[in-house]
Amino acid sequence: MSANLTALAYLVASVLFVLALRGLSSPTAARRGNMMGIAGMAIAVIATVVNPQIVSYEWIVAAIVVGGAIGTFIARKIEMSAMPQLVAGFHSLVGLAAVFVAAAAFNAPESFGILDEAGAIRLASRIEMALGAVIGAITFSGSIVAFAKLQELVSGNPVQFKGQHLLNLAIGVVIVVLVAMFTNEPVAQWFALFTVLAFVIGVLLIIPIGGADMPVVISMLNSYSGWAAAGIGFTLHNSALIVTGALVGSSGAILSYIMCRAMNRSFVSVILGGFGAESDGPKKAKSDKPVKAGSSEDAAFLLKNAGSVIIVPGYGMAVAQAQHVLAEAAHKLKAQGVRVRYAIHPVAGRMPGHMNVLLAEANVPYEDVQELEEINPDFSNTDVVIVIGANDVTNPAARSDPKSPIFGMPILDVDKAKTVLFIKRSLAPGYAGIDNELFYAPNTMMLFADAKKMMQDIAKEL
(Lines give C-alpha, C1' and ligand atoms only; values in the text may rest on other atoms or scores of the structure.)
Protein backbone atom coordinates (compact mmCIF):
# COMPACT_ATOMS: atom_id res chain seq x y z
CA MET A 1 0.00 0.00 0.00
CA SER A 2 1.36 3.42 -0.95
CA ALA A 3 1.94 6.19 1.58
CA ASN A 4 -1.05 8.13 0.21
CA LEU A 5 -3.40 5.16 0.56
CA THR A 6 -2.13 4.49 4.07
CA ALA A 7 -2.75 8.11 5.03
CA LEU A 8 -6.26 7.91 3.55
CA ALA A 9 -6.98 4.70 5.48
CA TYR A 10 -5.78 6.32 8.69
CA LEU A 11 -8.02 9.33 8.01
CA VAL A 12 -11.05 7.06 7.54
CA ALA A 13 -10.18 5.18 10.73
CA SER A 14 -9.83 8.46 12.65
CA VAL A 15 -13.25 9.65 11.48
CA LEU A 16 -14.77 6.34 12.54
CA PHE A 17 -13.18 6.70 15.99
CA VAL A 18 -14.72 10.16 16.39
CA LEU A 19 -18.11 8.81 15.30
CA ALA A 20 -17.67 5.91 17.72
CA LEU A 21 -17.21 8.31 20.64
CA ARG A 22 -20.23 10.26 19.43
CA GLY A 23 -22.31 7.07 19.35
CA LEU A 24 -21.13 5.94 22.79
CA SER A 25 -22.40 9.19 24.31
CA SER A 26 -25.99 7.93 24.02
CA PRO A 27 -27.41 4.52 25.05
CA THR A 28 -29.58 4.39 21.94
CA ALA A 29 -26.55 4.78 19.66
CA ALA A 30 -23.98 2.93 21.77
CA ARG A 31 -24.12 -0.33 19.81
CA ARG A 32 -23.67 1.52 16.52
CA GLY A 33 -20.81 3.54 18.01
CA ASN A 34 -19.12 0.37 19.17
CA MET A 35 -19.33 -1.13 15.70
CA MET A 36 -17.83 2.03 14.18
CA GLY A 37 -14.94 1.80 16.63
CA ILE A 38 -14.35 -1.83 15.67
CA ALA A 39 -14.42 -0.95 11.97
CA GLY A 40 -12.01 1.95 12.48
CA MET A 41 -9.58 -0.23 14.41
CA ALA A 42 -9.75 -2.98 11.75
CA ILE A 43 -8.95 -0.46 9.01
CA ALA A 44 -6.06 1.01 11.02
CA VAL A 45 -4.56 -2.42 11.74
CA ILE A 46 -4.88 -3.63 8.14
CA ALA A 47 -3.37 -0.39 6.76
CA THR A 48 -0.43 -0.78 9.15
CA VAL A 49 0.16 -4.47 8.45
CA VAL A 50 0.22 -4.09 4.64
CA ASN A 51 2.84 -1.35 4.85
CA PRO A 52 5.58 -2.14 2.26
CA GLN A 53 8.28 -1.27 4.82
CA ILE A 54 7.49 -4.49 6.70
CA VAL A 55 10.02 -7.14 5.64
CA SER A 56 8.90 -10.05 7.84
CA TYR A 57 5.47 -11.11 9.10
CA GLU A 58 6.38 -14.02 11.39
CA TRP A 59 6.33 -12.06 14.64
CA ILE A 60 3.37 -9.94 13.55
CA VAL A 61 1.22 -12.97 12.71
CA ALA A 62 2.27 -14.71 15.91
CA ALA A 63 1.35 -11.64 17.98
CA ILE A 64 -2.05 -11.31 16.27
CA VAL A 65 -2.86 -14.99 16.80
CA VAL A 66 -1.76 -15.08 20.44
CA GLY A 67 -3.25 -11.71 21.33
CA GLY A 68 -6.47 -12.46 19.49
CA ALA A 69 -6.83 -15.81 21.23
CA ILE A 70 -6.26 -14.27 24.66
CA GLY A 71 -8.68 -11.41 23.94
CA THR A 72 -11.37 -13.78 22.68
CA PHE A 73 -11.00 -16.03 25.72
CA ILE A 74 -11.25 -13.10 28.13
CA ALA A 75 -14.24 -11.58 26.33
CA ARG A 76 -16.15 -14.86 26.48
CA LYS A 77 -15.32 -15.65 30.11
CA ILE A 78 -15.35 -12.25 31.83
CA GLU A 79 -18.30 -11.40 34.07
CA MET A 80 -19.77 -7.90 34.02
CA SER A 81 -18.94 -7.58 37.72
CA ALA A 82 -15.26 -7.94 36.80
CA MET A 83 -15.32 -5.41 33.97
CA PRO A 84 -13.66 -2.57 35.97
CA GLN A 85 -10.57 -4.62 36.79
CA LEU A 86 -10.46 -5.87 33.18
CA VAL A 87 -10.35 -2.26 31.98
CA ALA A 88 -7.60 -1.50 34.50
CA GLY A 89 -5.66 -4.52 33.24
CA PHE A 90 -5.95 -3.38 29.62
CA HIS A 91 -4.79 0.12 30.59
CA SER A 92 -1.67 -1.40 32.11
CA LEU A 93 -0.83 -3.15 28.82
CA VAL A 94 -1.11 0.12 26.87
CA GLY A 95 1.26 1.78 29.32
CA LEU A 96 3.76 -1.06 29.15
CA ALA A 97 3.63 -0.99 25.34
CA ALA A 98 4.55 2.70 25.44
CA VAL A 99 7.56 1.94 27.64
CA PHE A 100 8.71 -0.87 25.32
CA VAL A 101 8.38 1.28 22.18
CA ALA A 102 10.28 4.15 23.80
CA ALA A 103 13.05 1.77 24.91
CA ALA A 104 13.22 0.20 21.46
CA ALA A 105 13.40 3.60 19.77
CA PHE A 106 16.19 4.69 22.11
CA ASN A 107 18.24 1.55 21.57
CA ALA A 108 17.69 1.30 17.78
CA PRO A 109 16.90 4.85 16.57
CA GLU A 110 17.97 4.06 13.01
CA SER A 111 15.11 1.56 12.71
CA PHE A 112 12.62 4.25 13.65
CA GLY A 113 14.03 6.90 11.32
CA ILE A 114 14.56 9.41 14.14
CA LEU A 115 18.24 10.29 13.51
CA ASP A 116 19.31 13.71 12.27
CA GLU A 117 22.04 14.49 9.76
CA ALA A 118 24.71 14.20 12.45
CA GLY A 119 23.56 10.70 13.41
CA ALA A 120 22.06 11.77 16.76
CA ILE A 121 18.46 11.25 17.91
CA ARG A 122 16.37 14.31 17.05
CA LEU A 123 15.37 16.60 19.92
CA ALA A 124 11.65 16.17 19.20
CA SER A 125 12.06 12.39 19.24
CA ARG A 126 13.93 12.50 22.55
CA ILE A 127 11.10 14.50 24.09
CA GLU A 128 8.48 12.13 22.65
CA MET A 129 10.17 8.93 23.87
CA ALA A 130 10.85 10.40 27.32
CA LEU A 131 7.22 11.49 27.79
CA GLY A 132 5.96 8.20 26.35
CA ALA A 133 8.11 6.19 28.75
CA VAL A 134 7.15 8.26 31.82
CA ILE A 135 3.41 8.36 31.12
CA GLY A 136 3.41 4.70 30.08
CA ALA A 137 5.25 3.60 33.23
CA ILE A 138 2.87 5.57 35.48
CA THR A 139 -0.10 4.10 33.63
CA PHE A 140 1.24 0.54 33.95
CA SER A 141 2.07 0.51 37.65
CA GLY A 142 -0.96 2.60 38.62
CA SER A 143 -3.27 0.30 36.67
CA ILE A 144 -1.74 -2.76 38.32
CA VAL A 145 -2.47 -1.29 41.77
CA ALA A 146 -6.02 -0.41 40.71
CA PHE A 147 -6.50 -3.95 39.36
CA ALA A 148 -5.23 -5.47 42.62
CA LYS A 149 -7.61 -3.30 44.67
CA LEU A 150 -10.62 -4.02 42.47
CA GLN A 151 -9.86 -7.74 42.38
CA GLU A 152 -9.41 -7.60 46.18
CA LEU A 153 -5.92 -9.06 45.91
CA VAL A 154 -4.97 -6.24 48.29
CA SER A 155 -7.08 -4.10 50.60
CA GLY A 156 -9.16 -1.40 48.94
CA ASN A 157 -8.45 0.94 51.86
CA PRO A 158 -6.18 3.96 51.34
CA VAL A 159 -2.51 3.39 52.14
CA GLN A 160 -1.04 6.52 53.69
CA PHE A 161 2.16 7.41 55.52
CA LYS A 162 3.79 10.53 56.87
CA GLY A 163 5.44 12.70 54.24
CA GLN A 164 3.68 10.90 51.39
CA HIS A 165 2.92 14.04 49.39
CA LEU A 166 6.43 15.41 49.87
CA LEU A 167 7.87 12.12 48.63
CA ASN A 168 5.61 12.20 45.57
CA LEU A 169 6.64 15.80 44.90
CA ALA A 170 10.33 14.99 45.25
CA ILE A 171 10.12 12.02 42.88
CA GLY A 172 8.12 14.10 40.41
CA VAL A 173 10.74 16.86 40.44
CA VAL A 174 13.55 14.32 39.95
CA ILE A 175 11.69 12.81 36.97
CA VAL A 176 11.24 16.23 35.37
CA VAL A 177 14.95 17.03 35.86
CA LEU A 178 16.04 13.69 34.44
CA VAL A 179 13.75 14.09 31.42
CA ALA A 180 15.20 17.55 30.80
CA MET A 181 18.73 16.18 31.04
CA PHE A 182 17.85 13.31 28.71
CA THR A 183 16.36 15.60 26.08
CA ASN A 184 19.55 17.64 26.20
CA GLU A 185 21.83 14.58 26.02
CA PRO A 186 20.34 11.04 25.59
CA VAL A 187 22.17 9.00 28.23
CA ALA A 188 20.98 5.44 28.84
CA GLN A 189 21.31 5.68 32.62
CA TRP A 190 19.02 8.71 32.76
CA PHE A 191 16.43 6.97 30.58
CA ALA A 192 16.47 3.90 32.82
CA LEU A 193 16.33 5.98 36.02
CA PHE A 194 13.34 8.19 35.10
CA THR A 195 11.50 5.13 33.79
CA VAL A 196 12.00 3.25 37.07
CA LEU A 197 10.97 6.33 39.08
CA ALA A 198 7.84 6.65 36.91
CA PHE A 199 6.92 3.05 37.79
CA VAL A 200 7.36 3.96 41.47
CA ILE A 201 5.31 7.17 41.30
CA GLY A 202 2.51 5.27 39.56
CA VAL A 203 2.19 3.04 42.61
CA LEU A 204 2.46 5.95 45.06
CA LEU A 205 -0.24 7.92 43.23
CA ILE A 206 -2.84 5.14 43.44
CA ILE A 207 -2.25 3.51 46.85
CA PRO A 208 -3.70 6.45 48.85
CA ILE A 209 -6.95 6.29 46.89
CA GLY A 210 -9.85 4.57 48.64
CA GLY A 211 -12.06 1.96 47.04
CA ALA A 212 -15.12 4.22 46.91
CA ASP A 213 -13.23 6.57 44.58
CA MET A 214 -12.07 3.84 42.21
CA PRO A 215 -14.44 4.84 39.35
CA VAL A 216 -12.54 8.11 38.98
CA VAL A 217 -9.23 6.24 39.10
CA ILE A 218 -10.38 4.04 36.22
CA SER A 219 -11.31 7.03 34.07
CA MET A 220 -8.04 8.82 34.92
CA LEU A 221 -5.97 5.77 34.00
CA ASN A 222 -8.00 5.59 30.79
CA SER A 223 -6.85 9.12 30.03
CA TYR A 224 -3.22 8.31 30.87
CA SER A 225 -3.27 5.28 28.57
CA GLY A 226 -4.51 7.50 25.74
CA TRP A 227 -1.70 10.00 26.12
CA ALA A 228 0.79 7.13 26.34
CA ALA A 229 -0.60 5.77 23.05
CA ALA A 230 -0.30 9.21 21.47
CA GLY A 231 3.35 9.26 22.51
CA ILE A 232 3.86 5.90 20.83
CA GLY A 233 2.24 7.33 17.70
CA PHE A 234 4.74 10.20 17.50
CA THR A 235 7.66 7.82 17.95
CA LEU A 236 6.33 5.47 15.26
CA HIS A 237 5.23 8.33 12.96
CA ASN A 238 1.74 6.80 12.96
CA SER A 239 -0.98 9.42 12.58
CA ALA A 240 -3.81 6.97 13.38
CA LEU A 241 -2.20 6.13 16.71
CA ILE A 242 -1.70 9.80 17.52
CA VAL A 243 -5.35 10.61 16.80
CA THR A 244 -6.60 7.55 18.69
CA GLY A 245 -4.44 8.31 21.70
CA ALA A 246 -5.52 11.94 21.74
CA LEU A 247 -9.20 10.95 21.57
CA VAL A 248 -8.84 8.45 24.40
CA GLY A 249 -6.73 10.82 26.47
CA SER A 250 -9.01 13.83 26.12
CA SER A 251 -12.26 11.89 26.51
CA GLY A 252 -10.84 10.12 29.56
CA ALA A 253 -9.87 13.46 31.10
CA ILE A 254 -13.35 14.87 30.44
CA LEU A 255 -14.96 11.77 31.95
CA SER A 256 -12.69 12.07 34.99
CA TYR A 257 -13.81 15.67 35.45
CA ILE A 258 -17.45 14.59 35.24
CA MET A 259 -16.82 11.83 37.77
CA CYS A 260 -15.11 14.28 40.14
CA ARG A 261 -18.09 16.62 39.96
CA ALA A 262 -20.41 13.69 40.63
CA MET A 263 -18.41 12.83 43.76
CA ASN A 264 -17.67 16.41 44.86
CA ARG A 265 -13.95 15.84 44.50
CA SER A 266 -11.13 18.02 43.20
CA PHE A 267 -9.88 17.19 39.72
CA VAL A 268 -6.41 18.55 40.58
CA SER A 269 -6.17 16.33 43.67
CA VAL A 270 -6.81 13.28 41.49
CA ILE A 271 -3.81 14.10 39.32
CA LEU A 272 -1.64 14.75 42.37
CA GLY A 273 -2.64 11.47 44.00
CA GLY A 274 -4.09 13.00 47.15
CA PHE A 275 -7.55 11.93 46.15
CA GLY A 276 -9.86 9.60 47.99
CA ALA A 277 -8.05 9.65 51.29
CA GLU A 278 -10.02 8.92 54.38
CA SER A 279 -11.15 11.74 56.61
CA ASP A 280 -9.10 12.49 59.70
CA GLY A 281 -12.18 12.02 61.84
CA PRO A 282 -12.84 8.77 63.69
CA LYS A 283 -14.56 6.04 61.77
CA LYS A 284 -17.97 5.06 62.93
CA ALA A 285 -18.29 1.54 64.21
CA LYS A 286 -21.09 -0.54 62.85
CA SER A 287 -24.28 0.64 64.50
CA ASP A 288 -26.07 -1.59 66.98
CA LYS A 289 -29.39 0.04 66.19
CA PRO A 290 -32.17 -2.39 65.25
CA VAL A 291 -33.13 -2.90 61.64
CA LYS A 292 -36.48 -3.85 60.16
CA ALA A 293 -36.15 -7.06 58.14
CA GLY A 294 -38.75 -8.30 55.70
CA SER A 295 -39.51 -11.09 53.24
CA SER A 296 -40.30 -11.37 49.56
CA GLU A 297 -44.00 -11.53 50.43
CA ASP A 298 -43.75 -8.24 52.33
CA ALA A 299 -41.90 -6.62 49.46
CA ALA A 300 -44.36 -7.86 46.84
CA PHE A 301 -47.31 -6.57 48.89
CA LEU A 302 -45.78 -3.09 49.11
CA LEU A 303 -44.90 -3.07 45.42
CA LYS A 304 -48.35 -4.19 44.26
CA ASN A 305 -49.96 -1.38 46.27
CA ALA A 306 -47.54 1.29 45.06
CA GLY A 307 -48.29 3.89 42.41
CA SER A 308 -44.64 4.64 41.65
CA VAL A 309 -41.45 2.60 42.09
CA ILE A 310 -37.82 3.60 41.56
CA ILE A 311 -35.12 0.92 41.27
CA VAL A 312 -31.55 1.81 42.29
CA PRO A 313 -29.03 -0.78 41.01
CA GLY A 314 -25.51 -1.09 42.38
CA TYR A 315 -22.49 -3.34 42.40
CA GLY A 316 -24.44 -5.99 44.35
CA MET A 317 -26.74 -6.41 41.36
CA ALA A 318 -23.71 -6.97 39.11
CA VAL A 319 -22.24 -9.60 41.42
CA ALA A 320 -25.57 -11.47 41.69
CA GLN A 321 -26.30 -11.01 37.95
CA ALA A 322 -29.81 -9.99 38.93
CA GLN A 323 -30.49 -7.53 36.11
CA HIS A 324 -32.62 -9.91 34.02
CA VAL A 325 -34.96 -11.03 36.81
CA LEU A 326 -35.13 -7.42 38.00
CA ALA A 327 -36.32 -6.35 34.55
CA GLU A 328 -38.88 -9.18 34.63
CA ALA A 329 -40.28 -7.99 37.97
CA ALA A 330 -40.40 -4.41 36.68
CA HIS A 331 -42.34 -5.58 33.62
CA LYS A 332 -44.91 -7.29 35.87
CA LEU A 333 -45.30 -4.13 37.93
CA LYS A 334 -45.84 -2.07 34.80
CA ALA A 335 -48.51 -4.53 33.68
CA GLN A 336 -50.34 -3.79 36.95
CA GLY A 337 -50.25 -0.04 36.30
CA VAL A 338 -47.26 0.83 38.49
CA ARG A 339 -44.87 3.50 37.20
CA VAL A 340 -41.34 2.02 37.27
CA ARG A 341 -38.08 3.87 36.68
CA TYR A 342 -34.38 3.25 37.31
CA ALA A 343 -32.10 5.73 39.08
CA ILE A 344 -28.40 5.61 38.13
CA HIS A 345 -25.68 7.31 40.12
CA PRO A 346 -22.74 8.42 37.93
CA VAL A 347 -20.32 6.24 39.90
CA ALA A 348 -22.58 3.30 40.78
CA GLY A 349 -20.61 0.09 40.56
CA ARG A 350 -16.85 0.37 40.20
CA MET A 351 -16.63 1.95 36.79
CA PRO A 352 -18.43 4.80 34.98
CA GLY A 353 -21.47 3.47 33.09
CA HIS A 354 -21.32 0.05 34.78
CA MET A 355 -25.03 -0.03 35.68
CA ASN A 356 -26.15 1.37 32.34
CA VAL A 357 -24.46 -1.51 30.53
CA LEU A 358 -26.06 -4.10 32.83
CA LEU A 359 -29.54 -2.67 32.36
CA ALA A 360 -29.07 -2.47 28.60
CA GLU A 361 -28.03 -6.13 28.68
CA ALA A 362 -31.41 -6.90 30.30
CA ASN A 363 -33.25 -4.88 27.60
CA VAL A 364 -34.47 -2.24 30.04
CA PRO A 365 -36.04 0.60 27.98
CA TYR A 366 -33.67 3.56 27.76
CA GLU A 367 -36.44 6.01 28.61
CA ASP A 368 -36.90 4.32 32.00
CA VAL A 369 -33.28 4.95 33.03
CA GLN A 370 -32.61 8.36 34.59
CA GLU A 371 -29.52 10.06 36.01
CA LEU A 372 -29.11 11.48 39.51
CA GLU A 373 -29.93 15.14 38.78
CA GLU A 374 -32.98 14.17 36.77
CA ILE A 375 -34.61 11.79 39.24
CA ASN A 376 -33.50 13.04 42.68
CA PRO A 377 -36.41 15.51 43.07
CA ASP A 378 -38.88 12.63 42.52
CA PHE A 379 -37.87 10.43 45.47
CA SER A 380 -39.98 12.40 47.95
CA ASN A 381 -43.06 11.61 45.82
CA THR A 382 -42.20 7.92 45.33
CA ASP A 383 -44.02 5.12 47.13
CA VAL A 384 -41.34 2.42 47.04
CA VAL A 385 -37.64 2.43 46.21
CA ILE A 386 -35.79 -0.85 45.62
CA VAL A 387 -32.06 -0.60 46.32
CA ILE A 388 -30.02 -3.55 45.04
CA GLY A 389 -26.54 -3.44 46.46
CA ALA A 390 -26.04 0.28 45.85
CA ASN A 391 -24.43 1.09 49.18
CA ASP A 392 -22.23 4.19 49.27
CA VAL A 393 -24.23 6.14 46.66
CA THR A 394 -27.35 5.94 48.86
CA ASN A 395 -25.72 6.66 52.23
CA PRO A 396 -27.26 9.74 53.92
CA ALA A 397 -23.95 10.27 55.76
CA ALA A 398 -22.76 12.02 52.61
CA ARG A 399 -25.20 14.82 53.52
CA SER A 400 -25.16 14.75 57.32
CA ASP A 401 -21.73 13.62 58.61
CA PRO A 402 -18.82 16.04 57.97
CA LYS A 403 -16.38 13.42 59.29
CA SER A 404 -17.46 10.79 56.79
CA PRO A 405 -15.02 10.08 53.91
CA ILE A 406 -17.93 10.43 51.47
CA PHE A 407 -19.23 13.71 52.95
CA GLY A 408 -20.21 16.13 50.20
CA MET A 409 -20.63 13.45 47.55
CA PRO A 410 -23.97 13.85 45.76
CA ILE A 411 -26.10 10.79 46.51
CA LEU A 412 -29.44 9.41 45.38
CA ASP A 413 -32.00 10.72 47.88
CA VAL A 414 -33.67 7.35 48.36
CA ASP A 415 -34.22 7.97 52.08
CA LYS A 416 -36.86 10.57 51.19
CA ALA A 417 -39.19 7.94 49.66
CA LYS A 418 -42.13 6.56 51.63
CA THR A 419 -40.62 3.06 51.76
CA VAL A 420 -37.13 1.75 50.92
CA LEU A 421 -36.59 -1.95 50.19
CA PHE A 422 -32.87 -2.61 50.55
CA ILE A 423 -31.74 -5.97 49.14
CA LYS A 424 -28.42 -7.02 50.63
CA ARG A 425 -26.81 -10.17 52.00
CA SER A 426 -25.85 -8.52 55.30
CA LEU A 427 -25.24 -5.21 57.02
CA ALA A 428 -21.64 -5.19 55.80
CA PRO A 429 -20.36 -1.76 54.72
CA GLY A 430 -19.91 -0.80 51.09
CA TYR A 431 -16.67 -0.26 49.19
CA ALA A 432 -15.96 2.94 51.13
CA GLY A 433 -15.77 0.83 54.31
CA ILE A 434 -18.38 2.79 56.27
CA ASP A 435 -21.75 1.89 57.73
CA ASN A 436 -24.82 2.94 55.76
CA GLU A 437 -27.23 5.00 57.86
CA LEU A 438 -30.01 4.06 55.46
CA PHE A 439 -30.11 0.51 56.92
CA TYR A 440 -31.52 1.84 60.18
CA ALA A 441 -33.97 4.43 58.83
CA PRO A 442 -37.58 3.94 60.00
CA ASN A 443 -38.83 3.75 56.40
CA THR A 444 -36.28 1.09 55.35
CA MET A 445 -37.03 -2.62 55.15
CA MET A 446 -33.96 -4.83 54.79
CA LEU A 447 -34.31 -7.90 52.57
CA PHE A 448 -31.38 -10.12 53.53
CA ALA A 449 -30.71 -12.44 50.60
CA ASP A 450 -28.86 -12.89 47.35
CA ALA A 451 -30.19 -10.19 45.03
CA LYS A 452 -31.08 -12.58 42.21
CA LYS A 453 -32.85 -15.05 44.52
CA MET A 454 -34.79 -12.30 46.28
CA MET A 455 -35.92 -10.72 42.99
CA GLN A 456 -36.99 -14.15 41.69
CA ASP A 457 -39.11 -14.66 44.81
CA ILE A 458 -40.62 -11.18 44.50
CA ALA A 459 -41.38 -11.78 40.82
CA LYS A 460 -43.20 -14.99 41.71
CA GLU A 461 -45.28 -13.17 44.32
CA LEU A 462 -46.14 -10.49 41.80
Side-chain angles (χ1 to χ4, degrees), residues 146 149 155-161 164-165 205-220 255-289 291 312 314-316 343-352 354-355 371-377 379-380 385 387 389-417 420 422 424 427-444:
K149 286 194 172 193
S155 172
N157 296 328
V159 177
Q160 298 174 295
F161 53 86
Q164 189 170 32
H165 293 295
L205 286 174
I206 304 302
I207 59 173
I209 298 176
D213 300 327
M214 203 51 67
V216 185
V217 177
I218 294 297
S219 59
M220 272 306 302
L255 179 60
S256 300
Y257 176 72
I258 294 172
M259 293 294 104
C260 288
R261 288 187 58 190
M263 300 180 72
N264 195 32
R265 306 295 192 184
S266 166
F267 183 71
V268 175
S269 66
V270 180
I271 300 173
L272 297 179
F275 175 72
E278 296 283 353
S279 155
D280 292 333
K283 278 192 175 183
K284 285 188 175 180
K286 185 181 289 187
S287 174
D288 57 358
K289 292 184 291 186
V291 297
V312 180
Y315 187 69
I344 305 294
H345 192 282
V347 293
R350 298 182 183 176
M351 170 180 157
H354 200 174
M355 296 302 106
E371 302 293 339
L372 180 145
E373 296 86 357
E374 185 181 6
I375 203 167
N376 248 1
F379 280 108
S380 57
V385 170
V387 181
N391 209 327
D392 300 320
V393 298
T394 62
N395 193 339
R399 295 195 308 260
S400 60
D401 185 3
K403 295 181 178 180
S404 171
I406 64 171
F407 180 71
M409 182 180 84
I411 62 168
L412 292 164
D413 296 331
V414 299
D415 56 314
K416 297 180 180 180
V420 178
F422 207 124
K424 205 170 184 296
L427 293 176
Y431 208 43
I434 57 174
D435 205 20
N436 192 344
E437 295 178 0
L438 184 63
F439 297 162
Y440 316 103
N443 60 333
T444 297

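In what follows, every heavy atom counts, from backbone to side chain, and hydrogens, waters and symmetry copies are set aside.
Of all the heavy atoms in Ala390 and Val312, the pair that sits closest is CB-CG1, 3.8 Å. Scanning all heavy atoms of the two residues, the minimum distance from Leu412 to Asn376 falls at CA-OD1, 3.4 Å. The two atoms that bring Met355 and Gly314 nearest to each other are SD-O, 3.4 Å, heavy atoms only. Considering all non-hydrogen atoms of both residues, Val393 and Met409 come closest at CA-CE, 4.0 Å.
At distances below 3.5 Å, at least one donor-acceptor pair connects side-chain atoms of His345 with backbone N or O atoms of Pro410. A distance-only check finds a donor-acceptor pair linking the side chain of Asn395 to the backbone of Asp435 [under 3.5 Å]. In this structure a side-chain-to-backbone donor-acceptor pair under 3.5 Å is missing from Asp415 to Thr394. A donor-acceptor contact shorter than 3.5 Å is absent between the side chain of Asn443 and the backbone of Val420.
Residues Ile258 and Pro346 form no side-chain contact, since every pair of their non-hydrogen atoms from C-beta on lies 4.5 Å or further apart. With contacts defined as side-chain heavy-atom distances shorter than 4.5 Å, the pair Lys424/Asn391 qualifies. Contact of the Val217 side chain with the Ser256 side chain is not registered, since no non-hydrogen atoms from C-beta on lie closer than 4.5 Å.
Distance check: Ile434 CD1 to Phe407 CZ gives 12.0 Å after rounding to the nearest 0.5 Å. Interatomic distance, Ile206 CD1 to Lys149 NZ, rounded to the nearest 0.5 Å: 8.0 Å. Interatomic distance, CG of Asn436 versus CG of Leu427, reported as 9.5 Å (0.5 Å rounding).
By the ring pair (Phe, Tyr, Trp, His ring centres under 6.0 Å) test, Phe439 pairs with Phe422, sequence neighbours left out. Scored by the salt bridge (Lys or Arg N to Asp or Glu O under 4.0 Å) test, Asp413 finds Arg399, Lys416 as partners (sequence neighbours excluded). Glu371 meets the side chain to side chain contact (heavy atoms under 4.5 Å, CB included) test with Ile344, Asn356, Glu373; sequence neighbours excluded.
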